[in-house]
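Only one structure is covered here, and it is reproduced in the block below.
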Amino acid sequence: MADEHVLICVAWPYANGPLHLGHVAGCYLPPDIQARFERARGNRVLMVSGSDEHGTPITVTAEQKGINPQQVVDEYHAINSKALLDLGCSWEPNIDSRGVEYGGSLFNRTSDPMHKEIVQDNFTSLMNAGLFERKTTQQYYETNNEGIGRFLPDRYVEGICPSCKEDGARGDQCDACGATYESTELQNPVSKMNPQAKIEIRDTDHFFYRLDLFQQALQQHASERQTVWKSNVRAMTKQWLDMGLRSRAVTRDLTWGIPLPLEGDEWSGKCVYVWFEAVQGYYSCAKIWSQRHAIDAGHPSGQDAWKKWWCVSKDGTSPRHLYFLGKDNIPFHTVIWPALILGINHAAKGLTASDSIEMPANGDLALEANVPAMEYLMLSGGQFSKSRKHAVWLPSFLERYNADYLRYYLSINMPENHDTDFNWPDFVEKINSELIAAYGNFVHRVLTLGARLPSGERGPLAGIEVAELTEVHRLKLEEIHAMITDSLNRHRYKEALRHVMSAAQYGNQILQAATPWKYLKTEDDSNEKIQSLSTLAFGWRLSRFLAITSQPFLPFSSVKLWKALGQTGDVSLVSWDDAINWQVPMTWNEEDPTPLFERLDLEVILESEKSLATNADATENNPISAVKGGKKSKKDSEKMNEAPEGITYLDFETFMEVDLRVGKIMRVEDHPNADRLYVVKIDDGSDAERTICAGLKKYYQPEEMVGKSVVFVANLKPRPLRGVTSEGMMLAADDGKDGVRLVTIDGDIATGSQVR
RNA sequence: AACGAGGUGGGGUAGUCUGGAUAUCCCGUCGGGCUCAUAACCCGGAGAUCGGUGGUUCAAAUCCAUCCCUCGUUACCA
């Protein structure tokens, strides 16, 4: 299938923090493997992605850091694009080394003015085609002390749930009872970012994309993809389509984003909603690549070069579009983005909402060919989390370890079908006992054995090869080659790399059987010797096979091996099928062979990761400083407004506002509707009993607690916890591991006594 | 608790959509071999009632039902 146009679309990393290994395994490594493979097969590959730089979280980060949003995204765009290059991802050069007609790559950013222009153009044409509808909605609007107002996204508003009266419900959904409602129904709304601000509800007009018009076309598309999509992609898409598609807002009251291409004051302070904008990056990025790179490099189609990768050609063939992303992103790429592409095609033909939606035909933008979405990579059993600092950051990892080690480990352990786990012992073991012991060792055996033989014009091995004697090995490798190719075509990276490794294993087997070391010095010309050394010579060919087939996975080592074999040129430009070209004249590198890899030492690594974890707390502001998560902790859930790092001193007055008192536990009951909660009745010295909900089930039996005199916070704002109002909080000590013990009173004292 | 994912030798995994004969591979373990090679390599053995139960079928790891358990998200929490 050479000469195909393949567009590799990589999910746009959000420029609000550095990338971690979870991101790499999920969406940044697989597309690079695929792109390298496709290039080697002779296909024309354009790879596109970039930093997603708009949206509210970035403005929040900017506020917290006291800088402007552009500075935030500049910083992370620089860090992340460098990290991806260091990982060997082929974002450079922008023009394919084989020539511009073969494509290239561009890691762009959404703050690019040209991206903005393209998004605005699409916005206008979709609107003119009648694919938007305008609706008036109610949104929260806060006014702070300086009298400056802004609209608040739902997730930045909290209040009391209209259905269960739970406090702390989010703007559009109550997590306690699961009810969803119009955000305006929320009672006592408070801004999470700015709790003192005055909040009111204002009418605001927005445009909605008529996704409903595309229901049928998308169902057809999904059914056509049944056989190629992975099960997770099928399931997620089906869920969306079964629910029935509804129109979806494409504009927001937002300051950091792309302004609407509309006249009139009523639209100021509104931007294109990020979901609508960021997916268009795949399209804008291809156009920008044409404009900035393909023209200068002399692509025959000039600024229309992008069409080769985007449009269905005259003879009806579509470019092959592959989208790489994590599982949380699936519906955006199988439902929403295809609906936008269909809409853009529709509008371009001058059709309107009343015309039926057609699938792409000649000249139209093509839909995806496959979306090989990944599950998640976990870290020591827990999820990667920025706020919990449970992560291994890509930049810091690459400072200390070989990029190919990471590429190997994440490939062989890729979360293709279910979540997989990253942990250091497993990492060390896989690198040492698979990559090094099997692959590295085999290559090193061949080279060092060869180096002991007298060297001829083309090295020591060229003269001792008898092709007829290695027929069976050639057939074996041809078989393996076909299996690797098949696996990669089906996006089964783990399996593909296993096949590559099996070639190295095969090499070790035949060397073992041939025992060439016995014949290094003997002078005889026995058949055994000829047979044996011929196998050794084949080891060179096998190593060359490994260099070519491992190139998509291990680009750096592949280059090193290529050189060690005395081969010249760029191994990434060598044709995939040349791995099984047995006619290639042998070459030799006369320098002493050096091992491809160095073994890892687990103890050293754990020691170094530990020290990094300790330092990291102190250097939180340095985004590339490493943070190694400790034990997994489900306790501290993410919060939007994380407390600032470091020590904050408390006024004495503030402390005294906390009213601590002594109470006696009278009764302990199970909470009817919560797993971890007890409902505790306390004698607080007053006539009435006090009810406190406590999450102590894991640590105490009810009978252990009854009768204890404990300290509780008496003036905590009462709040319903899953249906039972809790009037305060008992104090307990927590060692951060699994120990939790109540604070009790030494000796007798009246209930209700103040604690100070 | 709601939603999602998953349970396959000691650990990790493939196979499950599309039913088929001795259930894959890596690590570990036991025994043997080799000594070229980075405590590396090669051969062989032991070890799995494929979470439980019931059903469909000539045939179930695979399909259906039900139960149990684990993980994730959200909720909750000293």
Side-chain angles (χ1 to χ4, degrees), chain A residues 166 168-170 173-178 226-227 229-232 234-236 239 327-328 375-376 378 381-383 412-413 416-421 423 425-426 429-430 432-434 436-438 440-453 492 494-495 498-499 501-502 504-505 507-520 536 539 593-600 632 634-638 671-678 692-700 710-713 720-724 726 729-736 739-743:
Chain A
E166 175 92 23
R170 269 184 283 160
Q173 186 184 7
C174 173
D175 294 316
C177 66
Q226 279 303 298
T227 50
W229 278 351
K230 302 205 298 185
S231 63
N232 56 354
R234 282 202 301 264
M236 196 77 82
Q239 209 173 336
K327 63 177 164 188
D328 50 333
E375 300 286 314
Y376 289 144
M378 313 295 271
Q383 192 152 41
I412 209 74
N413 196 25
E416 283 168 11
N417 298 314
H418 51 77
D419 296 349
T420 58
D421 193 54
N423 63 74
D426 191 44
E429 184 179 289
K430 288 226 159 64
N432 283 348
S433 69
E434 297 178 18
I436 300 180
N441 185 43
F442 168 70
V443 169
H444 197 53
R445 287 175 93 178
V446 172
L447 294 178
T448 49
L449 281 167
R452 293 189 178 198
L453 288 166
R492 301 169 76 131
K494 254 196 277 206
E495 187 180 88
R498 285 256 168 253
H499 290 318
M501 296 304 291
S502 78
Q505 257 169 34
N508 276 318
Q509 283 166 16
I510 64 176
L511 269 196
Q512 193 67 32
T515 63
W517 47 90
K518 288 184 184 164
Y519 303 100
L520 294 177
L536 173 59
T594 53
L596 275 183
F597 307 105
E598 260 175 60
R599 287 179 64 84
L600 295 172
K632 78 175 163 177
K634 290 187 274 189
K635 292 171 189 164
D636 36 6
S637 58
E638 289 195 35
H671 192 293
N673 192 27
D675 283 353
R676 299 182 204 162
L677 296 185
Y678 283 131
I692 292 182
C693 293
L696 294 172
K697 260 192 184 170
K698 230 170 110 185
Y699 315 105
Y700 281 95
V710 296
V711 178
F712 67 93
V713 183
L721 295 179
R722 298 201 68 81
V724 176
S726 180
M729 178 171 121
M730 293 191 292
L731 298 189
D734 180 354
D735 64 6
V740 172
R741 295 279 95 184
L742 281 166
V743 174

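Chain identifiers are assigned alphabetically (A, B, ...) following the order of the sequence lines, protein sequences preceding nucleic acid strands; residue numbering begins at 1 within each chain. For the numbers below, each heavy atom of this structure counts, side chains included, while hydrogens, waters and symmetry mates do not.
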> Could you state the interatomic distance from OG1 (T594(A)) to CG (L447(A)), rounded to the nearest 0.5 Å?
Replying inline: 9.0 Å
>> As an exercise, state the distance from CD1 of I510(A) to OG1 of T515(A), rounded to the nearest 0.5 Å.
In response: 12.5 Å
Distance between the [atom1] atoms of [N] and [M], in whole angstroms?
{"N": "rG15(B)", "M": "rC26(B)", "atom1": "C1'", "answer": "16 Å"}
{"N": "rC58(B)", "M": "rU53(B)", "atom1": "P", "answer": "23 Å"}
{"N": "rG47(B)", "M": "rG55(B)", "atom1": "P", "answer": "30 Å"}
{"N": "rU56(B)", "M": "rA48(B)", "atom1": "P", "answer": "29 Å"}
{"N": "rA1(B)", "M": "rU57(B)", "atom1": "C1'", "answer": "39 Å"}
{"N": "rU13(B)", "M": "rA59(B)", "atom1": "P", "answer": "33 Å"}
{"N": "rA46(B)", "M": "rG10(B)", "atom1": "C1'", "answer": "12 Å"}
{"N": "rA75(B)", "M": "rC68(B)", "atom1": "P", "answer": "26 Å"}

What is the distance from [atom1] of [X] to [atom2] of [N], rounded to the nearest Å?
{"X": "K230(A)", "N": "rU18(B)", "atom1": "NZ", "atom2": "C1'", "answer": "18 Å"}
{"X": "I692(A)", "N": "rC77(B)", "atom1": "CD1", "atom2": "C1'", "answer": "13 Å"}
{"X": "L449(A)", "N": "rC36(B)", "atom1": "CG", "atom2": "C1'", "answer": "4 Å"}
{"X": "L742(A)", "N": "rC77(B)", "atom1": "CG", "atom2": "P", "answer": "16 Å"}
{"X": "R445(A)", "N": "rA37(B)", "atom1": "CZ", "atom2": "C1'", "answer": "6 Å"}
{"X": "Q512(A)", "N": "rG33(B)", "atom1": "CD", "atom2": "C1'", "answer": "8 Å"}
{"X": "L536(A)", "N": "rC41(B)", "atom1": "CG", "atom2": "P", "answer": "19 Å"}
{"X": "L600(A)", "N": "rA40(B)", "atom1": "CG", "atom2": "P", "answer": "13 Å"}

Within the structure shown, what part of the strands sits under 4.0 Å from [X] by heavy-atom distance: base, sugar-phosphate, or nothing?
{"X": "Y376(A)", "answer": "nothing"}
{"X": "N441(A)", "answer": "base"}
{"X": "I510(A)", "answer": "nothing"}

Is a donor on one side and an acceptor on the other found under 3.5 Å between the side chain of [X] and the backbone of [Y]?
{"X": "N432(A)", "Y": "R599(A)", "value": "no"}
{"X": "T448(A)", "Y": "R445(A)", "value": "yes"}
{"X": "D419(A)", "Y": "Y376(A)", "value": "yes"}

In the structure I gave you, are the side-chain heavy atoms of [X] and [Y] within less than 4.5 Å of one another anywhere?
{"X": "E375(A)", "Y": "N417(A)", "answer": "no"}
{"X": "R498(A)", "Y": "E434(A)", "answer": "yes"}
{"X": "L536(A)", "Y": "L511(A)", "answer": "yes"}

Closest to side chain of [X], choosing from [options]:
{"X": "N417(A)", "options": "rA14(B), rC42(B), rU38(B)", "answer": "rA14(B)"}
{"X": "T448(A)", "options": "rC36(B), rG15(B), rU13(B)", "answer": "rC36(B)"}
{"X": "W517(A)", "options": "rU13(B), rU35(B), rC41(B)", "answer": "rU35(B)"}

Does the structure show a Watson-Crick or G-U wobble partner for [N], both distances under 3.5 Å? Name it, or say none.
{"N": "rC17(B)", "value": "none"}
{"N": "rC41(B)", "value": "rG33(B)"}
{"N": "rA5(B)", "value": "rU70(B)"}
{"N": "rA48(B)", "value": "none"}

Should [X] be listed as having a side-chain N or O under 4.0 Å from OP1 or OP2 of [N]?
{"X": "K518(A)", "N": "rC36(B)", "result": "no"}
{"X": "H418(A)", "N": "rA5(B)", "result": "no"}
{"X": "Q509(A)", "N": "rC43(B)", "result": "yes"}
{"X": "R492(A)", "N": "rA14(B)", "result": "no"}

> Would you say the side chain of R234(A) and the base of rC17(B) hold a donor-acceptor pair, judged only by whether the two atoms sit under 3.5 Å apart?
Replying inline: yes
Collect all protein-nucleotide pairs involving nucleotides 22-26 of chain B in which both atoms are nitrogen or oxygen and the distance is under 3.5 Å.
unit_1  : atom_1 : unit_2  : atom_2 : d
rC26(B) : O2'    : E434(A) : OE2    : 2.6

>> Tell me the closest heavy-atom pair linking A438(A) and A504(A), and the distance in Å.
In response: O-CB, 4.0 Å
> Between I692(A) and F712(A), what is the shortest heavy-atom contact and its length?
Replying inline: CD1-CB, 4.0 Å
>> For T515(A) and I436(A), find the nucleotide of RNA chain B closest to each by heavy atoms; which residue's nucleotide sits nearer the 5' end?
In response: T515(A)
> Which comes earlier along RNA chain B counting from the 5' end, the contact point of D419(A) or that of M378(A), where each point is its nearest nucleotide?
Replying inline: D419(A)
